[in-house]
Every structure is written in structure tokens, then in C-alpha cells.
Amino acid sequence: MGTKYIFVTGGVVSGLGKGITAASLGRLLKNRGYNVVNQKFDPYINVDPGTMSPYEHGEVFVTDDGAETDLDLGHYERFTDVNLNQNCSQSSGKIYQNVIEKERRGDYLGKTVQVIPHITNEIKDKIYSFEDKNVDIVITELGGTIGDIEGLAFVEAIRQVGLEKYPEDVAYIHVTLLPYITGSNELKSKPTQHSVKELQSYGIKPDILVCRCESQIPDEIRRKIALFCNVRPENVVPNLTAENLYAVPLMLEEQGLAKAVCNHLHLEKKEPQNEEWKAMIDNIKKINEEIDIAIVGKYMQLQDSYLSVAESLRHGGFANNVKVNVGFVDSEEINDNNVKEILGKYKGIIVPGGFGNRGIDGKIATIKYARENNIPFLGICLGMQMAVVEFARNVLNLEDANSAEFDPDCKNPVIHIMEDQKEVVSKGGTMRLGSYPCKIKEGTLAREIYGQEFIDERHRHRFEFNNKYKEILQEKGLVASGTSPDGSLVEIVEIKNHPFFIAGQFHPEFKSRPDKPAPLFKYLVLAAKNI
């Protein structure tokens, strides 16, 4: 079987769940025995989301190979348990950058460089790049909404794919809205009709419609949509609100999405093997115990800024048969005087990653509170760095201890830029991005949690633990329990004689799955449950 292609577009309004639809379909096809890869095209001009404010685009998801990507890749990985790569996240900025670089090198031999064919060919190259790589099906989601000017090149490119491949090798899925009008007590199909008309005006006929709605689609409405949108009635699939995010694949299975895709693409393996996923959802439904755990960060105006952290906490809850109620707490509102009042109800605390010095004092007050009051604590990236700063200030009594990120001239930079990185950073800098190995000491909490000597975790940071302070910090009880294999970089710190106080320089949330929670989150929830 050659590679098959599925394109997921959206219409009417944003936020209808294209990403969850694409991720769910990936899981359903994987459960039929196919090797599936999900891919996202974003129409913005930024080369990637790495330089965007979290308020603009939510969290930046990082892949093993160091790509800074859209948060939808996190959904893809959590649902399909496939580790994605640089090519799975493409933006208009990245596409145009590649084309311009080729033009500057003379690759186009003096031709006039245009959107068609040069930009569209570059897009198609990214789509076709999975051929001959043991990939059966590529699911490509187009960001934005059909009709957006900035997305037209992507729409044209996927139209061309439909011409270049056999009809049974390409499927177009359009996600639309079926609003319910209270006054007339009925679902309205007109927005879907208009959206499909818009898509057809660009030369694409959708094969399957996934209709976001709050109730089942009556047969009469389904037939009307099929007639006016030129699709089969059985290919009009309702996408209802599920009680749990991870129940969406089973819901879409029941509504016939995967069956419609298999029929259109002439896939032979049509019978799903959803038993393990069903068992996971059944176990989640049986949970009747709840605990509160706080994420104390500074990007609280958009909770998607900590999407993977929140989801990883929920995964940890699944593994411990407890529902985790995630509290999003603004670190700017916390100080030494009110920290107990604000955080007193929480059984566990996470201080996640971030950049810049805003809200740092609140994070340090939070960490001190967790350390002194035996509250289970997990620090992630910047959270780990602030744990080191807090310990240096309040246990070592180095009052001016700080990160060189916030005070380059401080006398005790317990977090700093390594000497071999200073010149790079001064020129605009680069970060430690992607998966790096870590060696864990025996007899430590980290070793107990991971159960092995070597692990790999994903990073996104520039500053590091200053090894000049390593010995004195360890003497006072802050143990460097995980390092790079050569010992030059501290990856994990922890405190002895505490129920659970551990922090990692990496982002464990990026590798967490609902059925395989990241170990640090699993054990944080366990510790919080047992308090």
C-alpha cells in the first residue's frame, strides 16, 4: 500500500476541535494497525511559535529533535503515542523562508519565484516527505479557517495533492459548526453549507464533514446537509461534546468517522482494536476521589500556556485513580505574606517553565512555602532554577543569589550561562532544545521515580545550574540527583527528608500520555494523594 493522505480543514469559526479530530482519527487508524503521522500547517508568518508570547498562541510544544511547534502537536502525540519531528509542524514563515533561501542560492535558475508553483511545491514537499519512511497515512491539519487570506497557499497545495494522487489515496475532511438556535429549537445547517461552498470555490470537494454540535443530527438534517454539500449521508459525522477529552476517539468511532475514512481510502484493515483505549476510559469514569493541585505560573490569562502540564497532571491522576482538579494560580499575586492563604487548599504544587523576571518573587515564595511545609512540589525548567535560587537564599543564606537571566551582575549566580555559550547568546542566542540524556544517581527519589539509570527528556532553556555551587548546595541538602552522562550539566535536583520535592531542568510534560503518564507527574499526584 502506498502512502495515503488525509487533510483536515475547518470552517465557520475557529475552536471547533480540528486538532482533537485529527488526533482522534490518528488514534483510530493506529488501532487498526496502520503507521500514522500527524502534521500541522499554520498560516502565520512567524517561522515557528518559539518567539511568540504564550498569550498569542498558548504553549510551545517541543519535539525530540528540538522543533518548537504548535500546541496541537501535543494533542497528536498524546493521542497517538507517536513521537513527531521538525517536519510535522510547518508555518507560512518557514515555507517562505525555505523558498527565499533557495532563490538566493540560485536553485530556481533565474525563474520568477511565485506562490504557484514555488510556494505550493514547497508545501507539497513537506507533505510528501513521509513517503518511503514506513508511514502508511499522513493526517495534515490546516490551521485557521477556510477563507482566511493567509491560508490560501496551503489550500491550493492540498488541492494539487488531490490531482497528483489517485482519488482513493486522498481524503478531505471539513470540520464545521451546526449551531442550535434556541428560539426555533433546531440545528441550523446554513453555516456548514456556506463553508463547504467556500471550500469548493477553491477546487476542493470535501469527502467527509465533521459537524460540531451539541446534540445528535436528525436524519432529516443529515440528508439535507448531504444533499446541499455534495457528500454521502453516512459521511456527515456529528462531533458532540465528550465528558472526557480522551473519550473523543471512541465517540467519533461510534459516529462512523474512521469507517468513512477507511471506505474512502480503500483501507483493508477496517476492524478497530480499541479495547485498551476503552479500558482506559472505563477506568477514568470509575474515579470518584478528587484532589487539588496548583500550577503557579505567570501566563494565567491563557490557560493553554500550560496545556501539557495540566494534561500531564490529569494523566497522573488516571494512574492513581484520582481526579486532579488543576488550579491555575498567578505567581504575580503571591508573596511571603499571602502564600499560605492562596495555596493552603492545594495538596501539591507545580512551578512550570517560563522566561523573564515577571512573577519570579511569587514563584520563589511558592517554593519556600512548599519546602518548609512539606507540600509535594515539582519544579519544571524555570521552576527548577527558582528552586535552586530559593534554596541558596533561604538555606545557604546567600541573600543575593539569583539567576544571571534576571541579574547578570549578581554576586552569586547559582543559575548562569556556561562559558562556552556566552558568545552564542550575546549574538542572539540559541537554546538547548529537544531530547537530551540524563544519568540518575542510585538511592535518590529520582531513581525511585524513573526506575532506571538513564533517561531522555525534552528541553527548552538557555540557562543552567552553576556547578560552582554544587558542592555547598549538596552539603546543605539540595541533591543533584540527575546530571548529563558526563556530569557537566545538572538535570535534576531534590531535597531529602521531604515527602516529595524534586525539580527537573527539562519538560517532562511533553512525553506524558493518558495511558503512560510521565513518571514525575504520576509520583507527584501519588504524594499529594497520600498527604
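Proximity of the aromatic rings of H507 and F61 is defined here by a centroid distance below 6.0 angstrom, and this criterion is not met.
The heavy-atom pair separating V37 from C88 by the smallest distance is CG1-SG, 3.8 Å. P508 approaches A518 most closely through the heavy-atom pair O-CB, 3.5 Å. A pairwise comparison of heavy atoms in R447 and E442 identifies NH1-CG, 3.1 Å as the closest pair. Counting all heavy atoms, side chain and backbone alike, A528 lies closest to I293 at CB-CD1, 4.1 Å. Taking all atoms of both residues into account, the shortest heavy-atom contact from L396 to A392 is CB-O, 3.2 Å. Contact between L520 and F500 at its shortest, heavy atoms only, is O-CZ, 3.8 Å.
Paired with E77 under the rule salt bridge (charged side-chain N to carboxylate O under 4.0 Å, His left out), one option of K511, R513, K40, K516 passes, and it is R513. Applying side chain to side chain contact (heavy atoms under 4.5 Å, CB included) to V296 and the options V339, I334, I367 leaves one that passes, I334.
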In sequence, state the C-alpha distance, the side-chain angles, and the governing distance for K522 and S312, and then conclude on side-chain contact (heavy atoms from CB on, under 4.5 Å).
CA-CA 8 Å; K522 178 181 177 180; S312 299; over 6 Å; no
Assess the residue pair E131 and T3 against the criterion (side-chain hydrogen bond (donor to acceptor under 3.5 Å, both in side chains)); give the C-alpha distance rounded to whole Å, side-chain angles, the decisive distance to 0.1 Å, and a yes or no.
CA-CA 6 Å; E131 293 184 351; T3 305; 5.0 Å; no
Verify side-chain contact (heavy atoms from CB on, under 4.5 Å) between N46 and M52, making sure each step is shown before the conclusion.
CA-CA 8 Å; N46 305 66; M52 288 188 195; 3.4 Å; yes
Using ring-ring contact (aromatic ring centres under 6.0 Å, His included), reason through H75 and Y246 one step at a time and then give a plain yes or no.
CA-CA 10 Å; H75 289 312; Y246 300 104; 8.5 Å; no
Determine, stepwise, if the pair I440 / C438 fulfils side-chain contact (heavy atoms from CB on, under 4.5 Å).
CA-CA 6 Å; I440 305 177; C438 172; 4.2 Å; yes
The test is side-chain contact (heavy atoms from CB on, under 4.5 Å); show your working for V525 and V324 and say whether it passes.
CA-CA 8 Å; V525 174; V324 177; 4.1 Å; yes
Please determine whether side-chain hydrogen bond (donor to acceptor under 3.5 Å, both in side chains) holds for the pair E491 and S484, giving the CA-CA distance in whole Å, both sets of side-chain angles, and the decisive distance to 0.1 Å.
CA-CA 7 Å; E491 294 279 8; S484 57; 5.9 Å; no
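Interatomic distance, NZ of K368 versus CG of N373, reported as 10.0 Å (0.5 Å rounding). For the atom pair NZ (K278) and CD (Q273), the distance works out to 10.0 Å, reported to the nearest 0.5 Å. Atom OH of residue Y369 and atom CG of residue N338 lie 11.5 Å apart, to the nearest 0.5 angstrom. Atom CZ of residue F510 and atom CZ of residue R78 lie 9.5 Å apart, to the nearest 0.5 angstrom.
One finds no salt bridge joining D136 and K4 here, because no Lys/Arg side-chain nitrogen approaches an Asp/Glu carboxylate oxygen to under 4.0 Å. One finds no salt bridge joining R462 and E405 here, because no Lys/Arg side-chain nitrogen approaches an Asp/Glu carboxylate oxygen to under 4.0 Å.
In this structure, the ring pair (Phe, Tyr, Trp, His ring centres under 6.0 Å) partners of Y44, at least two apart in sequence or on a different chain, are H57. Listed by chain and number, the residues in a side chain to side chain donor-acceptor pair (under 3.5 Å) with Y436 amount to none (sequence neighbours excluded).
Of the possible polar contacts, one joining the Q474 side chain to the A480 backbone as a donor-acceptor pair under 3.5 Å is found. Between the side chain of K94 and the main chain of S89, a donor-acceptor pair closer than 3.5 Å is present. A distance-only check finds no donor-acceptor pair linking the side chain of Y299 to the backbone of E59 [under 3.5 Å].
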Residues 23-36 side chain polar contacts: donor-acceptor under 3.5 Å, at least two apart:
{"residue": "S24", "atom": "OG", "partner": "I20", "partner atom": "O", "Å": "2.7"}
{"residue": "R27", "atom": "NE", "partner": "F79", "partner atom": "O", "Å": "2.7"}
{"residue": "R27", "atom": "NH1", "partner": "N31", "partner atom": "OD1", "Å": "2.9"}
{"residue": "R27", "atom": "NH2", "partner": "F79", "partner atom": "O", "Å": "3.1"}
{"residue": "K30", "atom": "NZ", "partner": "T80", "partner atom": "O", "Å": "2.6"}
{"residue": "N31", "atom": "ND2", "partner": "N274", "partner atom": "OD1", "Å": "2.7"}
{"residue": "R32", "atom": "NE", "partner": "K270", "partner atom": "O", "Å": "2.9"}
{"residue": "R32", "atom": "NH1", "partner": "L28", "partner atom": "O", "Å": "3.1"}
{"residue": "R32", "atom": "NH1", "partner": "E253", "partner atom": "OE1", "Å": "3.0"}
{"residue": "R32", "atom": "NH2", "partner": "E253", "partner atom": "OE1", "Å": "3.4"}
{"residue": "R32", "atom": "NH2", "partner": "E253", "partner atom": "OE2", "Å": "2.8"}
{"residue": "R32", "atom": "NH2", "partner": "K270", "partner atom": "O", "Å": "3.4"}
{"residue": "Y34", "atom": "OH", "partner": "E268", "partner atom": "N", "Å": "3.3"}
{"residue": "Y34", "atom": "OH", "partner": "K269", "partner atom": "N", "Å": "2.8"}
{"residue": "N35", "atom": "ND2", "partner": "N134", "partner atom": "O", "Å": "3.3"}
{"residue": "N35", "atom": "ND2", "partner": "N134", "partner atom": "OD1", "Å": "3.4"}

Listed pairs under 3.5 Å, donor-acceptor, residues 342-351 side chains, sequence neighbours left out:
none

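The stretch residues 370-386 participates, sequence neighbours left out, in these salt bridge (charged side-chain N to carboxylate O under 4.0 Å, His left out) pairs: R371-E390. Among pairs with a residue in residues 313-335, those fulfilling salt bridge (charged side-chain N to carboxylate O under 4.0 Å, His left out) read E311-R314, E332-R358, at least two apart in sequence or across chains.
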